[in-house]
Amino acid sequence: MIEVILNTLIKTQIPTDFFARDCSEVAKALLGKVIRVNYRMTILSVQIIETEAYYVNEKASHASLGYTKKRRALFMPPGTIYMYYSRAGDSLNVSCLGDGNAVLIKSGIVYQDRYSGHDAIAIMQQLNPPRNGIGHREVKKLCSGQTLLCRSLGLTVPAWDARQFNKNFFISDVDYVPDKISCTPRLGIPCGRDEHLLLRFVDHSHYQYATPSRWKIK
DNA sequence: CCGACGATAGTT
DNA sequence: ACTATCGTCGGT
């Protein structure tokens with residue numbers, strides 16, 4: 001049953017060479033694409049609405065800290081999943097063209113189409129309950145943050161870091177093109193005393209569900 | 001072993 | 001502006 005759906009759905013997967021270009025291009029092109037996760041035989045779907053491009057030579061990037069086993073995925077072929085844990089949550093990245101360059105998936109919105117499991121939303125809410133444990137998160141805000149998105153999809157470092165996308169976790173092209181993309185050159189990720197320029201891309205029509213910009217632009 | 005520190009998220 | 005939260009890293 002689910003296998004049949006997965007076999008059909010996998011045909012919509014973006015090709016690996018999608019990631020074999022400049023990470024800013026990849027970050028922009030990922031907006032509107034849909035993350036698919038087979039979570040215990042239910043397909044969870046989230047449309048990407050916000051990304052950030054991280055270059056190896058930016059001191060704000062993990063790759064700039066150099067190669068370690070932990071960060072090896074950043075130096076693996078384009079399309080390799082890099083996950084890390086920080087601030088009590090997992091984050092999802094994908095390596096791009098050039099050693100150390102990658103894109104961070106920053107936020108998304110729950111996506112429903114004929115492939116999404118009918119109980120997908122209930123499962124995502126269960127995976128990502130409110131901090132105080134009372135009630136449930138608003139569906140629209142389930143994935144409005146890099147760690148919230150991973151939580152809602154059950155994506156973790158041990159399960160996916162340094163792995164390739166496969167039939168249980170991949171990104172679909174849903175033939176959607178953002179009307180308008182905000183590219184926010186963002187100053188202010190603190191790294192010691194320095195400030196660094198980051199490229200943040202947001203699908204403007206879903207701006208309200210992107211992460212609030214906490215860093216001031218000078 | 002221990003303390004500091006996040007590519008955060010939510011509350012005051 | 002403040003802080004819960006926890007894996008990673010670097011210093012003893």
Side-chain angles (χ1 to χ4, degrees), chain A residues 19 23-24 26-28 30-31 35 46 48-75 80-96 98-110 124-125 127-162 182-202 206-218:
Chain A
F19 299 98
C23 61
S24 290
V26 176
K28 207 183 310 180
L30 277 175
L31 298 181
I35 301 170
V46 168
I48 298 167
I49 65 165
E50 181 184 8
T51 55
E52 273 177 356
Y54 282 84
Y55 290 91
V56 65
N57 58 342
E58 273 293 343
K59 292 207 173 62
S61 78
H62 287 185
S64 72
L65 300 172
Y67 181 96
T68 64
K69 188 177 180 187
K70 191 101 204 68
R71 296 189 278 265
R72 69 192 184 284
L74 291 169
F75 302 89
T80 303
I81 297 159
Y82 169 60
M83 293 193 69
Y84 69 91
Y85 190 96
S86 180
R87 300 287 181 135
D90 304 81
S91 290
L92 171 67
N93 309 251
V94 187
S95 73
C96 298
D99 271 1
N101 300 330
V103 168
L104 167 67
I105 310 295
K106 227 170 151 48
S107 61
I109 50 173
V110 171
M124 286 189 267
Q125 285 179 315
L127 287 169
N128 187 13
R131 196 61 61 71
N132 62 16
I134 300 168
H136 53 76
R137 283 183 199 273
E138 242 183 281
V139 175
K140 292 291 194 181
K141 294 179 182 174
L142 261 181
C143 305
S144 64
Q146 63 202 57
T147 69
L148 298 181
L149 181 142
C150 289
R151 278 227 289 285
S152 297
L153 293 171
L155 300 174
T156 62
V157 175
W160 291 104
D161 182 44
S182 313
C183 172
T184 318
R186 194 179 79 166
L187 284 173
I189 289 291
C191 225
R193 280 201 190 151
D194 299 332
E195 288 190 349
H196 300 278
L197 178 68
L198 290 177
L199 294 175
R200 170 177 178 257
F201 298 92
V202 183
H206 298 294
Y207 198 88
Q208 56 184 319
Y209 301 116
T211 60
S213 207
R214 291 169 184 266
W215 308 103
K216 290 174 185 168
I217 298 173
K218 289 184 181 175

Whole angstroms only, please: what is the CZ-C1' distance between A/Arg71 and C/dG7? 13 Å

Is A/Tyr84 stacked against the base of B/dA7, taking the criterion as centroid distance under 5.5 angstrom and interplanar angle under 30°? no

Which of residues 131-144 of chain A have a heavy atom under 4.0 Å from DNA chain C? none

Would you call A/Asp90 and A/Leu155 a side-chain contact if the rule is heavy atoms closer than 4.5 Å? no

Whether A/Lys70 contacts C/dT8 is assessed here as follows: a side-chain N or O lying under 4.0 Å from the phosphate OP1 or OP2. Is that the case? yes

Looking only at B/dA9, C/dG7, B/dA7, the nucleotide nearest the A/Tyr85 side chain is C/dG7

Results of side chain to side chain contact (heavy atoms under 4.5 Å, CB included) for A/Leu127 - residues two or more places apart only: A/Tyr39, A/Leu44, A/Ile123

Whole-Å distance separating the CG atom of A/Leu149 from the C1' atom of B/dA9: 14 Å

Quick check on DNA chain C: between A/Ala88 and A/Val157, whose nearest nucleotide comes earlier from the 5' end? A/Ala88

Distance in angstrom units between A/Leu199 CG and B/dA7 P, rounded: 17 Å

Any A/Tyr54 side-chain heavy atom under 4.5 Å of A/Ser64 side chain: no

Please write out the pairs of protein N or O atoms and N or O atoms of nucleotides 2-5 of chain B separated by less than 3.5 Å, giving the distance to one decimal.
none

Once you round it to whole Å, what is the distance between C1' of B/dA7 and OH of A/Tyr82? 9 Å

Among all residues two or more places apart in sequence or in another chain, which pass the salt bridge (Lys or Arg N to Asp or Glu O under 4.0 Å) test with A/Lys141? A/Glu138

Over all strands shown, is A/Ser86 touching base, sugar-phosphate only, or nothing at heavy-atom distances under 4.0 angstrom? base

How many Å lie between CZ on A/Arg151 and P on B/dT8, as a whole number? 14 Å

What residues form a ring pair (Phe, Tyr, Trp, His ring centres under 6.0 Å) with A/Tyr209, not counting sequence neighbours? none

Stem list, DNA chain C (Watson-Crick or G-U pairing under 3.5 Å, at least 3 consecutive pairs): B:1-6 with C:6-11, B:8-11 with C:1-4

Taking only the side-chain heavy atoms of A/Thr147 (C-beta and beyond), determine which of C/dC9, B/dA9, B/dA7 contains the nearest atom. B/dA9

Does A/Gly145 reach a base, just sugar-phosphate, or nothing at all? Heavy atoms under 4.0 Å. sugar-phosphate

For residues 64-75 of chain A, the salt bridge (charged side-chain N to carboxylate O under 4.0 Å, His left out) pairs (sequence neighbours left out) are none

Integer-rounded Å distance: B/dT8 P and A/Asn128 CG: 16 Å

Between A/Asp90 (CG) and C/dT5 (P), how many Å, whole number? 16 Å

Tell me, do A/Leu92 and A/Gln146 make a side-chain contact under 4.5 Å, heavy atoms counted? no

To the nearest Å, how far apart are A/Tyr209 OH and B/dG10 P? 14 Å

With sequence neighbours left out, the residues meeting side chain to side chain contact (heavy atoms under 4.5 Å, CB included) with A/Val94 are A/Phe19, A/Phe165

Within the structure, does a side-chain N or O atom of A/Ser91 lie under 4.0 Å from either OP1 or OP2 of B/dT8? no

Which residues pass the side chain to side chain contact (heavy atoms under 4.5 Å, CB included) test with A/Pro129, not counting sequence neighbours? none

What pairs with A/Thr147 under side chain to side chain contact (heavy atoms under 4.5 Å, CB included), at least two apart in sequence or on another chain? A/Ser91, A/Arg151

Contact list for residues 131-152 of chain A, test ring pair (Phe, Tyr, Trp, His ring centres under 6.0 Å), sequence neighbours left out: none

Can you pull the ring pair (Phe, Tyr, Trp, His ring centres under 6.0 Å) pairs that have at least one residue in residues 143-162 of chain A, sequence neighbours excluded? A/Trp160-A/Phe169

